[in-house]
Structure formats: structure tokens, C-alpha cells
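Comments concern the structure below.
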Amino acid sequence: MAETPASAPGSALAPAPALRLSGDFRHAGRPLFSGLDLPVEAGRWTCLLGPSGVGKSTILRLFADLDTGGTFDGEISASDGARVAGRVAFMAQTDLLAPWLDVMGNVTLGSRLRGERVDRARARDLIARVGLADHVEKAPARLSGGMRQRVALARVLMEDRPIVLLDEPFAALDARTRAEMQDLAFDTLKDRTVLLVTHDPAEAVRLGHRIFILAETGLSEVEAPALEPVRPVEARETMDMQVRLFRALRGEPA
Amino acid sequence: MAETPASAPGSALAPAPALRLSGDFRHAGRPLFSGLDLPVEAGRWTCLLGPSGVGKSTILRLFADLDTGGTFDGEISASDGARVAGRVAFMAQTDLLAPWLDVMGNVTLGSRLRGERVDRARARDLIARVGLADHVEKAPARLSGGMRQRVALARVLMEDRPIVLLDEPFAALDARTRAEMQDLAFDTLKDRTVLLVTHDPAEAVRLGHRIFILAETGLSEVEAPALEPVRPVEARETMDMQVRLFRALRGEPA
Amino acid sequence: MSAGGAFPVEVTRLQRLRDAGLAAVVALLLWQAVVWVTGVPPFILPGPWRVAESLLANAGLIAENAWVTIAEVMIGLLLGAALGAATALHLMMSPLARRLVLPIMVFSQAVPVFALAPILTLWFGYGMASKIAMALLIIYFPVVSTFYDGLRRTDPGLLDLARTMGAPPSRTLLFLRLPAALPAFGSGLRLAAVYAPIGAVIGEWVGASKGLGYLMLLANGRAKTDLMFASLFVLALFAVVLYAAVSAFTRRMTRWASETTDGT
Amino acid sequence: MSAGGAFPVEVTRLQRLRDAGLAAVVALLLWQAVVWVTGVPPFILPGPWRVAESLLANAGLIAENAWVTIAEVMIGLLLGAALGAATALHLMMSPLARRLVLPIMVFSQAVPVFALAPILTLWFGYGMASKIAMALLIIYFPVVSTFYDGLRRTDPGLLDLARTMGAPPSRTLLFLRLPAALPAFGSGLRLAAVYAPIGAVIGEWVGASKGLGYLMLLANGRAKTDLMFASLFVLALFAVVLYAAVSAFTRRMTRWASETTDGT
Amino acid sequence: DKMTLLLDWYVNPDHGPVIVAQELGYFEEAGLEVEIIAPADPSAPPKMVAAGKADLAISYQPQIHLQVAEGLPLKRVGTLIASPLNCLMVKDDGPIKTVADLKGRKVGYSVAGVEEALMVAILKKHGLTMDDIEMINVNWSLSPSVMSGQVDAVIGAYRNVELNQMEIEGVKGRCFFIEEEGTPTYDELIYVANPELMDTDRIARFLEATERATQYIINHPEESFRIYSGTAKELQDELNERAWFDTLPRFALRPAALDHRRYQRFEAFLKDAGLIDTIKPVSDIAIDVTAQ
Ligand SMILES: Nc1ncnc2c1ncn2[C@@H]1O[C@H](COP(=O)(O)OP(=O)(O)OP(=O)(O)O)[C@@H](O)[C@H]1O
Ligand SMILES: Nc1ncnc2c1ncn2[C@@H]1O[C@H](COP(=O)(O)OP(=O)(O)OP(=O)(O)O)[C@@H](O)[C@H]1O
Ligand SMILES: [Mg+2]
Ligand SMILES: [Mg+2]
């Protein structure tokens with residue numbers, strides 16, 4: 001196996017912009033959120049938490065310019081003025097692996113879809129780093145749930161995009177693998193603008209430069225610790241933060 | 001909405017047996033686990049944790065007598081001597097909702113598949129208790145990931161079976177909804193023999209009468225606190241336990 | 001997939017009508033172009049103009065015969081679809097049927113219906129029954145084949161679920177495989193809509209005294225190529241309308257199964 | 001879905017052969033039973049025994065003609081499948097094609113190939129080309145229709161993914177829609193395998209001096225019903241073999257798409 | 001010189017002179033190289049000749065009247081069988097003893113051209129009209145439909161082929177000869193060509209060769225059958241042999257000769273039946289190529 005770095009040279013990539021989504025969204029006339037104003041900082045990790053069905057995935061899909069089944073009335077903008085869609089890498093809530101492709105085929109799907117040269121060495125390295133080196137030629141049907149999620153993770157990490165949208169990318173993983181994958185993602189997506197939807201407060205505390213909670217009542221921010229991510233779980237500030245976040249998620253005053 | 005109890009009268013149900021799975025399992029000659037001996041106590045919650053791909057889902061499928069893509073050489077037995085398969089309720093790792101049925105249709109699928117009378121009142125009550133009262137007539141495609149998982153949960157809770165196999169049933173839920181659903185499940189599945197696969201140590205600590213960790217090296221038990229589940233998260237014993245479990249999952253000595 | 005609602009649907013329907021009209025114009029131009037470019041003589045392929053004249057001149061005659069054929073087609077289509085669906089379901093239910101009936105069905109399908117004509121007329125007579133039988137015969141296999149393929153491709157996860165739920169195979173078939181296979185059944189029905197008219201016409205060729213197929217033979221025998229093509233045109237038009245109707249129906253039936261196209 | 005491996009496959013193949021043999025025996029018994037029960041005269045439907053005698057007596061003649069038809073069918077099937085697949089892909093690519101070509105295709109399909117026979121012979125002559133054209137024509141629409149249906153039913157999630165990956169529609173088609181639609185294409189190909197022989201035979205009926213279709217008509221005109229059914233039998237047998245081959249091929253092509261049956 | 005001839009149907013004893021001329025080299029001696037093509041649909045060959053795809057086609061006199069009326073560029077240039085072969089065929093032991101017995105019964109026919117008109121004339125002679133019977137197009141199964149009793153009679157069966165066919169199948173048939181029952185007589189099989197494209201000299205040579213072949217057949221019936229059936233294995237059977245000898249007296253001895261009256265008479269007959277609108281002069285329908 002070639003020992004190439006998993007992250008491509010950062011210089012090849014345009015500087016990641018800051019993003020902002022503001023406006024109202026409705027499903028068949030019924031409002032999902034209104035007066036929302038979500039900033040996503042350039043080159044940093046923004047975490048979005050909130051109860052199930054509140055609209056987190058919808059927000060990611062709006063950024064990616066995908067069909068949401070409803071109507072959005074507002075603005076999605078990038079700090080550099082260019083379009084957001086077209087330079088995002090998106091990992092959806094389900095793994096969305098192509099059943100006819102093996103792990104390698106799924107991880108390298110992006111390049112083939114764009115007609116680019118397939119960097120198999122880098123793909124192999126990423127597959128190894130998500131712990132699937134022994135499964136490169138397995139079809140998705142022969143993988144466990146967590147393994148499938150890791151293939152999807154490797155696939156999104158293969159994409160060299162300035163903006164990365166992750167919808168609960170570690171939800172199907174055990175605690176230990178999850179921590180490893182968080183480290184890998186944080187490492188690989190250095191300097192990218194990342195919007196992470198997660199249900200795990202510990203995850204948000206560990207990774208988020210900024211942390212937002214979307215509730216039926218609106219968006220609110222929970223101030224992140226001064227420590228730089230990835231934050232050690234045992235640190236005082238992290239622990240404190242986690243308690244505060246839990247409270248906020250329960251609707252109690254922070 | 002009719003105010004019927006979500007759990008059917010326990011008397012109608014045969015007493016839940018204890019289960020045991022012992023033996024070896026291999027995929028195309030390659031062993032996944034061998035010499036395994038997993039006891040599942042009667043009428044209580046047994047939690048199974050372990051790294052991704054170690055074989056947790058495979059064990060559930062073996063209990064349910066479903067195809068695993070490999071060969072099992074061993075024994076699956078119930079304490080009352082009767083067959084295990086045929087009296088289990090199974091919630092898989094993916095939600096497996098029928099796309100052409102709405103929430104009500106999916107939740108009541110079991111009765112219709114067996115040709116039994118459909119207890120719509122009970123279904124409606126369960127749907128309300130998983131927080132989807134406003135979505136009874138929505139198709140799965142119009143639900144969020146967590147909402148879909150709650151439909152699958154309501155569906156498995158509708159099944160009146162003495163043995164319940166749950167494969168990461170709360171993975172797609174935010175912390176608050178997750179706690180609510182855990183309470184609901186624990187309440188509804190009183191006196192059932194439950195085997196719960198989970199990635200969340202806090203969940204295991206909260207719900208498990210017994211807790212097992214499956215690792216590549218074999219099965220080990222982590223002793224649960226003396227407190228009866230559902231255990232409060234803030235209790236000393238729970239906190240202690242969680243730390244021990246974390247250590248065990250990291251492979252450190254408990 | 002847009003938000004939906006009353007207004008957009010209306011627009012789509014209008015748009016569809018407009019598209020159909022456009023397609024018709026293009027088809028006629030194409031036809032005329034073929035006639036001009038290849039210089040095919042009118043007694044082999046008359047141009048649309050001549051056919052239109054003949055259509056008008058013989059409107060009554062054609063209409064009278066068209067009704068007969070339309071009735072045959074509709075009955076044949078309904079029976080064929082029902083019988084085909086029942087067969088596909090039966091194939092799923094019974095391993096024996098699968099192992100014996102399937103090869104026999106392929107074998108019997110590969111016999112051109114023409115060859116069976118004398119047998120069919122012997123059993124069904126020269127009335128409407130033999131035409132319905134022919135229409136039924138011609139659509140039976142596409143319906144069985146596509147529906148059966150669909151039935152076999154149910155999500156294995158859902159089947160596992162049904163197993164743990166203690167469902168007997170018959171109910172799994174009815175409540176899971178059947179609805180999951182409806183899109184495939186739709187594919188088969190749409191094929192059937194196109195072929196049922198041909199079946200009825202062949203039935204009429206085998207022996208009839210009414211119907212568009214009969215009229216075609218008559219026109220051919222009297223060297224009236226214009227009239228023959230006018231009948232053909234009406235037949236094809238009917239098939240298109242039937243196809244559109246069946247498409248709309250199957251789309252309604254399988255609204256949950258997302259259909260997407262690119263480059264719109 | 002069992003563990004797989006070399007041995008079980010062998011058994012399955014043997015089992016399939018045995019099943020096919022069994023099916024053949026049952027079909028022959030059924031045939032004989034129909035002859036006995038309905039008392040259909042031998043000049044309309046001879047029993048299997050008489051047909052077998054005729055088959056042996058005319059083995060050379062039938063073989064000679066069968067080769068011609070087999071060649072026509074194979075070429076027609078290959079061309080038809082290729083052309084049909086290309087059309088379906090094109091329909092997916094171009095909204096214009098979708099709106100114009102699809103209705104025209106339905107329209108043209110609904111014209112019985114017989115009616116087009118003089119045109120085809122005018123353009124392709126009385127040689128092999130017109131038979132291949134006929135076989136091609138008869139399988140074209142089932143292939144297009146089923147494949148196109150399959151192409152439209154790609155998992156919308158995968159399409160979303162392709163969109164965010166910046167894939168142009170052509171590559172989405174090639175790398176996602178196409179492989180996802182292979183099972184549906186397989187359905188179409190299996191239908192085509194059954195119908196291509198009929199197409200070739202119809203082509204021969206329009207004008208030929210060789211082939212099973214020619215032999216059938218000849219036998220029919222000479223009141224040699226036995227010989228006609230012997231030719232028919234060979235034709236149907238060929239179709240069954242072709243179907244089995246195409247089935248095996250399409251199954252191999254779409255191994256990832258799980259097929260399941262009940263009650264085994 | 002090369003020529004293409006389209007038969008009306010597969011090779012059968014009706015084509016005797018053509019096959020024998022080919023086998024005995026008479027065409028070659030006339031300086032012709034003739035390619036013979038057999039189609040299954042009798043209505044196609046005249047169209048192909050009209051379209052210039054072949055030089056000659058074998059067709060039927062009743063058809064040429066209709067085709068010319070519809071504007072097809074076709075003319076009769078020669079005769080192959082100079083009398084009707086068509087007959088109204090019934091089961092020999094059936095209830096139909098005379099045409100009058102057909103009242104209230106079913107009559108099958110095959111080519112939906114002039115059969116109805118012929119039936120009108122036949123019925124008229126026996127005091128019946130079309131309302132007294134039911135006409136059914138049985139297309140491909142003329143004799144089976146009579147044999148199995150689905151229809152009581154068929155028109156369009158050939159007296160030289162179908163009668164023998166039925167007898168071989170074990171169901172004896174009987175023919176009412178239509179020219180004896182009220183229809184005008186006509187040439188069953190004729191050669192047609194496109195008058196704008198034809199080469200009368202070649203056609204004349206072609207007809208001469210078939211004339212020689214006809215004479216040979218009449219003079220050497222057994223030998224000529226051996227020649228005919230020797231061209232293909234599928235022709236060596238009882239039906240072909242019996243039909244061959246029944247066909248012998250029907251071959252036109254003077255293939256090029258044109259009987260104007262026949263064509264006038266039939267044109268008038270079709271006009272009366274309402275199948276054509278105007279009466280065309282015979283010269284528009286048939287010509288004597290040797291006269292030019
Ligand atoms: N059909 C199959 N064929 C071959 N191997 C399989 C098949 N299904 C699963 N496996 C393999 O079996 C192993 C165990 O899978 P299983 O789904 O039981 O894992 P798990 O413990 O549930 O993991 P996770 O936490 O990721 O869901 C994996 O390594 C997987 O690759
Ligand atoms: N296609 C659709 N049509 C109509 N409503 C939809 C559609 N998709 C989603 N919704 C609704 O939009 C709401 C928000 O969905 P979304 O997927 O954004 O939630 P979420 O915050 O990601 O939830 P989760 O944490 O459960 O994934 C839900 O109430 C859902 O019912
Ligand atoms: Mg979501
Ligand atoms: Mg699992």
C-alpha cells in the first residue's frame with residue numbers, strides 16, 4: 001500500500017468561505033422555521049444540535065441546493081460572494097452506498113462521476129484509516145452498519161471541497177471508533193468550513209468551534225470553551241461545557 | 001384519541017424465557033467469533049456493546065433466525081425449551097419502513113402480516129407516545145431520520161412478543177428524545193426478555209440489567225450497578241459505572 | 001418533486017397536452033419527410049395528407065370498426081392484466097409452479113400466436129372471444145414477466161422483518177412483495193397497453209367480420225392502401241391514448257416510488 | 001442467499017437441469033392431454049408423438065432452416081438490445097427526446113409489424129436484412145420501455161449525492177442510473193429473448209426462401225400440420241434456451257441486486 | 001438479361017411452367033437469367049413490381065382490376081392459369097348439397113378482395129342474397145375451418161390444392177365451380193408488370209420460355225413432375241403430386257395471348273358489384289406484349 005497523505009495539499013484548494021443561511025422554510029404552508037439566521041464560520045467547525053424533526057437535515061440540504069420537499073424563502077450566501085452549492089461535500093444521514101460497487105468503488109465514486117483521474121492510492125489510504133483495509137473489495141451488503149457509515153465517511157473525505165456538510169456522520173459507531181473517526185475527520189478537513197449536525201453533545205463539545213441549538217422556538221448559540229478542538233474529553237472546560245449543553249438541550253436556561 | 005394503555009395486559013403473554021447463544025460463527029471460512037457464550041436473562045434488559053463490525057448485529061440475527069451470510073456452529077436455546085425464533089420482536093439497525101405505507105400503516109404492519117385484527121387505538125397511542133401524533137398519515141419519505149427511527153420503534157413496541165431484539169434503536173435521536181424513548185421502551189417492554197445492541201455507554205448504564213462487551217478477543221461482562229434500571233444519569237453509581245464502561249470499551253482493565 | 005398542490009399539477013397537465021400535440025406534429029412531419037426523401041410510392045406508404053383524406057371520407061366506416069376493436073382491447077387488457085398478475089403471484093407462492101410453469105410459459109410464449117390461430121378459433125369461434133383471447137395471450141407474458149421480476153426484488157430487509165413478525169408467505173406476498181412490485185407491474189401494464197391492440201388486430205386477421213384489423217385486410221385486399229393506413233393510424237392513436245391512460249393510472253398507483261429524470 | 005462457494009452452485013445447476021427436464025416432460029404430457037381431452041383433430045393440433053415422428057423424419061430439413069432463423073435472431077437480438085439501450089439512455093439525457101420521441105415511439109410500436117412488412121421489404125429487400133430488422137423492431141420497445149423505467153427509478157439519495165459531487169448528467173447516467181437500472185434492463189432482455197424469434201419468423205413470413213418461418217408456412221400450405229408443429233417446436237425450444245442463456249447472463253450482470261423467492 | 005419474378009406464394013404446382021422452364025434451361029436459352037422469389041403475403045408482389053423492386057409478379061386477374069382502379073402502375077402482361085381455380089368448397093358428406101342450402105349458414109373467405117362480389121353473384125343464381133348467409137374472414141385457415149366445421153363453406157379455396165389437401169387429411173371435400181354457379185370466368189393467375197418500367201421484349205421472351213415449358217409439361221406429365229419436385233425436398237409429397245396432375249389442364253397454353261372480352265366482362269362485373277367506380281378500357285389493364 002502506498003503511503004500517500006490522506007489529505008491532499010491544501011494549497012490546491014481555494015480558501016474556504018464563511019456561510020450564512022437566513023430566512024423562513026415551510027412544508028406545504030406549515031412553517032418549519034422562520035426568521036432563522038445561521039452563520040457558519042470560514043475554515044472552522046460549526047455544530048448544529050436540536051431535537052429530531054426540527055429541520056437540521058433540511059438546513060444542510062438547503063446549503064447543498066438539494067430538494068427539500070418544501071419552500072425556502074430567504075438567502076444562502078458565502079462570504080466570497082460565489083455560489084455555495086457546487087463546492088460542498090455532503091454526507092447524508094443515511095449511508096447512500098451504491099450496492100453494486102465495492103468499498104473502493106464507493107469511495108472513489110466522486111472522481112469517476114466528475115470524470116477525474118481516480119486517486120486510488122489516496123482512497124486506499126483513507127479506507128485504511130477508517131479501519132476497512134481488509135474490506136476494500138467487499139460489497140456494501142456484506143458490511144456492518146458502522147462499516148457502511150465509515151465507507152460513506154471515507155467517501156466524503158475523498159472529496160476535496162472547501163465546504164463540508166456532515167449529517168450525523170458518526171451516529172452508527174461505537175464510542176472508540178467514533179473518537180478515532182472524529183480525529184480523522186478533523187485532521188483531514190483542516191481549514192475547511194464544516195457544518196456538522198449531531199445528536200451527541202459530547203461530539204459537539206469535542207469538535208465545535210461554535211455550537212448552535214435549533215429548537216422549535218428558534219436558533220440559539222451555546223458558547224464553546226476557549227480550548228481549541230479537538231478537545232480532550234477529560235478537561236474541566238469540556239466537562240463544564242457538556243453539562244451546559246445538556247441543560248440547553250433540555251430547554252433549561254444555560 | 002382513545003386513552004388505551006400502550007402496553008397490552010401482561011397476563012395475555014407467556015412468561016419471557018431466558019436465552020443463551022453459544023458457538024462459533026464464520027464468514028466464508030473466516031471466523032467472526034468463536035467459543036462465544038452469551039446469556040440473556042429472562043424478563044430483563046441485556047445490553048451488548050462492542051466495536052463496529054465485531055458481530056453484534058449478527059448475534060441478533062442469529063437469535064431471530066435470519067440469514068447472516070455466514071455459518072453458525074453452535075446452539076441457540078431458550079430456558080423453556082421452545083424455539084426462540086417465532087416469538088421475537090426485532091428492530092433492525094436500519095429503519096426498514098415500507099415506503100408505500102404511512103406512519104400508521106407501518107406501525108400496524110405486524111398485525112396485518114399475521115392476519116390479526118389491527119388495534120388502531122393502541123397504534124395511535126404508541127405513535128403519540130413516540131411524538132408523532134401530528135404525522136400519523138405521513139409517508140416515510142416525508143419524515144426526518146429520527147422520526148423514521150421512532151416509527152420503527154413504535155412498530156416493534158406494537159408487537160406483543162416475549163423476546164425483543166433491538167439493534168441500536170435510539171442511534172438517530174437527540175439526547176432528550178432518546179431519553180424519552182428509552183423510558184417508553186423500558187416501560188412498554190416490562191417483563192420481556194430484551195437484548196439491546198448499543199454504541200452509547202450511557203444508554204447501557206441507564207437501561208441494562210446486565211452489560212456485555214463483545215470484542216475481537218471475546219465476550220466480557222461489565223458488572224452493572226446495584227440500582228434498578230431505568231437509572232438516573234446523575235446518580236454516583238451510574239457515573240462510576242459509565243467511567244468503568246468507557247475504560248472497558250477502550251480495552252483498558254476495568 | 002416540488003412542493004405540489006393544485007396549481008402546479010394543472011400546469012403539468014397542460015404542458016403534457018402541449019407536448020403531446022407537439023409530438024403529433026413532429027410525427028406527421030417525420031412521416032411526410034420519409035415519404036418525400038425515400039420516394040416510397042403511395043401504394044406502399046401513402047403520405048399523411050392522403051391518409052387524412054381517406055380518414056375523413058371513411059370516418060363512419062372506420063369508427064364503426066374501431067369500436068369493436070376498442071372493446072376487444074379493453075376486455076383483453078383487463079383480463080390479461082388480471083390473469084398475468086395472478087400468475088406472477090402464484091409463481092411467487094409455489095416453488096413447484098416456479099420450476100414447472102415458468103419454462104412451460106416461456107416455451108408457449110415463443111410460439112407465434114399466428115400458429116395457434118386455428119386452435120384458438122376452433123375453441124373460441126370467430127366471435128369476439130377469440131380476439132380477446134389473442135389480446136390476452138399477447139400481453140400475458142410481459143405482465144407476468146415484469147411483475148414476477150418485481151416481486152422477486154423486494155427489499156430483503158423488509159422480508160426479514162416479515163419473517164420475525166411471523167407472517168405466512170401468502171401475507172408477506174400480499175402486504176410486502178405485492179406493493180413493492182407495483183412499479184414493475186406498472187412497467188408491464190404499459191407494455192401491455194401498447195401490445196393489446198396488436199393482439200386484437202391479429203385476432204381479427206385470423207378470422208373476423210368486424211374491427212380495425214378486418215378493415216385493414218379488406219382495404220389491403222381491395223388495394224386501398226390509403227384506407228389501410230387510415231385504419232392503422234386510428235389503431236396507433238388508440239394505443240397511444242391507452243398508453244397515456246395506463247401511464248397515468250400506474251403513476252397514481254405508485255406515487256410513493258420516486259421517478260426522476262435528468263436535464264429538465 | 002446461502003454461504004455460496006463452488007459446491008452449492010454445482011448442485012443448483014444440476015437441479016436446474018433436472019427441473020428443466022421435468023418441465024419438458026410435464027409440457028409434453030399437458031400437450032397430449034389437451035389433444036385427448038378436447039379431441040382436437042390432428043390437422044389443427046397434432047399430438048406430441050406425431051410431431052416427434054415428423055421431427056425425426058425431417059431432421060435435416062428442419063436443422064438447415066433452423067440455422068438461418070437462429071442467425072437472424074441472434075443478430076436481431078444483439079442489435080435490438082444495443083439500439084434499445086441507447087434509446088433509453090438518450091431519453092434520459094434529453095428532455096426534448098423525452099417529450100417528442102416517447103409518444104412517437106409508442107405510436108410507431110402500436111402499428112403491427114405486419115403492416116410495415118411491404119415497406120421493410122422495399123427498403124431491405126427479401127434477404128436476411130429484413131428479417132433482422134423485424135426481430136429488432138419487435139424487441140426494441142420492450143427493451144427501451146423497461147430499461148427507461150429502470151433508469152428513472154434510481155434512488156433519489158444517490159442522485160442527490162451525485163449532484164453535490166458535481167457530476168454532469170451524462171456521468172450520473174453512466175455511473176449511477178445505468179448500473180442501478182441493470183436489473184430492469186435484464187427484465188427487458190429476457191422479454192426480448194422470448195420475442196426475437198417471433199420477430200424473425202414474422203420476417204420470414206413476409207418473404208423468404210429459408211428459415212423456420214418459411215418452413216412453417218410451407219408446411220401449413222401443404223397440410224403438413226405435423227411438420228409445421230415440428231418447426232414450431234424447434235423454434236420454441238430455441239426460445240427457451242435463449243431465454244435461459246439471457247437469464248443466466250442478466251443474473252450474473254446484476255448479482256448485487258438480491259432476488260428472493262418464498263416457500264422454497 | 002437479368003429478371004426478377006415474384007411468385008404469389010410459396011412454390012406450388014401452380015408455378016409449374018416457371019419452375020420447369022428454369023430447370024430445363026428454357027429461360028437461359030431465351031437469354032434470360034431469372035431470379036424467383038417466393039413471398040408469404042400474396043398482396044405484396046404486385047406492389048413490389050409497381051414500386052420497381054421486381055420485373056414481374058404473379059398475381060390474380062380480379063386483383064389487377066382493383067389495383068389499376070386504385071392507380072397502381074400495373075398491367076397484366078401474361079397468363080399462367082387461364083381459368084378460375086377458386087371454388088366454393090364444402091364437406092362432401094356435409095349438409096350443403098346445392099348452393100341454395102347455404103341459407104342461414106356461415107361462409108369463410110380469405111382475401112378480402114373480390115370474394116364478396118363473387119358470392120353475391122353465386123347466391124343470386126340460387127335466389128339468395130348476402131343477408132341469407134354470414135361471411136367470415138378466416139384468413140390463414142381455409143380448409144381447417146371447413147374440416148373442423150366452424151364454417152359450412154369457404155370461397156377462395158383452390159380446386160387443385162385444397163380439395164386434395166382435405167382428402168389427404170381424411171375429410172373429403174366437394175367444390176362448386178364458381179364459373180358454373182353464376183360468376184364470369186377469368187384468369188386465375190397472371191403475370192403483371194409496371195408498364196412504365198417494363199421491357200416488353202424481355203417479357204415476350206420470358207413468356208415464350210414458359211410456353212415451351214407448358215408444352216413440355218402437357219406432353220410429359222410424369223417426367224415434368226419429377227423435374228418440378230426435384231427442385232426442393234419439401235415438394236416431394238403426396239399433395240404436390242396429386243395437385244400437379246389436377247393443375248395440368250389449367251395451365252395457359254398461350255401465356256402471352258390476351259382475351260379482351262374476359263377483362264371487359266370482369267371489369268363490368270366489378271363495377272356492378274360496386275368495387276370500382278369507373279370502367280377503364282382493357283388497354284389500361286392488360287396488354288399483349290407480343291403486339292408491341
Ligand atoms: N452478508 C455478509 N456476508 C459476508 N460478511 C458479512 C455479511 N454481513 C456481515 N458481514 C461481516 O460480518 C461482520 C459483523 O457484522 P455485524 O453487522 O454483525 O457487525 P456489528 O457488530 O453489528 O457492527 P456495527 O456496530 O458496525 O453495526 C462484519 O465484519 C461484516 O463485514
Ligand atoms: N419531503 C418532505 N415533505 C414534507 N415534509 C418533510 C419532507 N422532508 C422532511 N419533512 C419534514 O421536515 C421536518 C424536518 O425534517 P429534517 O429531516 O430537516 O429534520 P432533522 O432535524 O434532520 O431531524 P432528525 O434529527 O430526526 O434527522 C420534519 O418534520 C419532516 O416531517
Ligand atoms: Mg436529520
Ligand atoms: Mg450492527
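Every chain is numbered from 1, with letters handed out A, B, ... down the list of sequences.
For CH2 of C:Trp123, the number of neighbouring non-hydrogen atoms (other residues, nucleotides, ligands) closer than 6.0 Å is greater than 12. Counting non-hydrogen atoms of neighbouring residues, nucleotides and ligands closer than 6.0 angstrom, the CZ atom of B:Arg120 reaches no more than 12 such neighbours. Heavy-atom neighbours of C:Met253 CE from other residues, nucleotides or ligands within 6.0 Å: above the threshold of 12.
Proximity to chain B is absent for every atom of C:Leu182, based on heavy atoms less than 4.5 angstrom apart. Residue C:Leu158 touches chain B through both its backbone and its side chain, counting heavy-atom pairs closer than 4.5 Å. Using a 4.5 Å cut-off between heavy atoms, C:Asp155 touches chain B through its side chain atoms alone. Neither the backbone nor the side chain of B:Arg87 comes within contact range of chain C, judged by heavy atoms closer than 4.5 Å.
Interface summary for chain C: among B:Ala92, B:Gly115, B:Ser111, the most heavy-atom pairs under 4.5 angstrom belong to B:Gly115. Note: B:Pro99 leads B:Pro140, B:Pro99, B:Ala139, B:Ala98 in heavy-atom pairs under 4.5 Å with chain C. Interface check for chain B: of the options C:Ala167, C:Ala162, C:Ala180, C:Pro179, the most heavy-atom pairs under 4.5 Å are formed by C:Pro179.
Of all heavy-atom pairs between C:Arg163 and B:Asp65, the closest is NH2-O, 2.7 Å.
Using modelled atom types, one finds no donor on one side chain facing an acceptor on the other under 3.5 Å when comparing C:Tyr148 with C:Thr87.
Applying side chain to side chain contact (heavy atoms under 4.5 Å, CB included) to B:Val197 and the options B:Leu214, B:Asp167, B:Thr46 leaves one that passes, B:Asp167.
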